Amino acid sequence: MFRVGLSGALIADQDKHWEGSNRHYVNDAYIQSVYTAGAVPLIIPVTNDSDVIDYILDICGGVILTGGVDISPLVYGEEPIKGLGKLSPQRDEFELLLFRRALARSYPIFGVCRGMQLINAALGGTLFQNIEDVPEFTIQHLQKACRQAVTHHVDIEAGSYLMDALGKTCLVNSWHHQAIKDLAPGLRVTARSRDGLIEAIESDNPDMPPIIGVQWHPEELTSTIPGMAKLFKNFIELCRKRVH
Ligand code: MN
């Protein structure tokens, strides 16, 4: 069966018997979404060893960069501002390496939330460290509703990869306090929220593999919104086409 790699994250266990021990994990919603799309999910552990990454990439045909904590602004050449959230420099290093190795193999790459921001930063773009400080962003992007609730619209560009799955406009969940500021070369914006924030990107360079990034969390919506399940299905199809 076809395999897709998902970037893992580290979390310190809170259980009293295991307190302080780190665990590598991926949220179950991603795992279920990949299963449902017809592929086998492989969790890639946080590592700075490129041999480990290459070995796992040998047995995958595409990569999903998962959501998580803020990316260090040092990655895109800025000092941290007061509104910056939690960081994981270990994970930044790991995912930048994973992204570059997957790109070098022309693997399709799908970035979710932090994953989309990482793609932009890796290719030379920048981020708003805290959108609460940016007056033009008036929509609530860090929703207080549960993750499975859809709370704001996005308008999708014609001819984009997203359009096939989601149409011209759709409702999404929103669980972010950062956003893309300067778009990296080689990318194009394919969806925005109605306050103008970049909600999706795609690669726009014939030398690049298909790269798709979304600012929302489609993995939380695949069982309730057919278009979100189709987004995963289409991505798996892209990976399959690339391999054969
Ligand atoms: Mn949003």
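Counting starts at 1 for both ligands and their atoms, in listed order. Small disclaimer: the values here were computed from a predicted structure and weren't measured.
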Could you identify the N, O or S atom of [X] positioned closest to the Mn ion (ligand 1)?
X	answer
Glu199	OE2
His141	ND1
His176	NE2

Q. For Cys146, does its backbone N or O pair with a side-chain atom of Gln143 as donor and acceptor, under 3.5 Å?
A.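 At least one qualifying donor-acceptor pair exists.
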Q. Hey, is the Mn ion (ligand 1) within less than 2.8 Å of some N/O/S atom on Gln215?
A.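 No.
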Looking only at the side chains, is there a donor atom on one of [X] and [Y] sitting less than 3.5 Å from an acceptor on the other?
X	Y	value
Arg91	Thr66	yes
Ser193	Asp195	yes
Thr222	Thr36	no

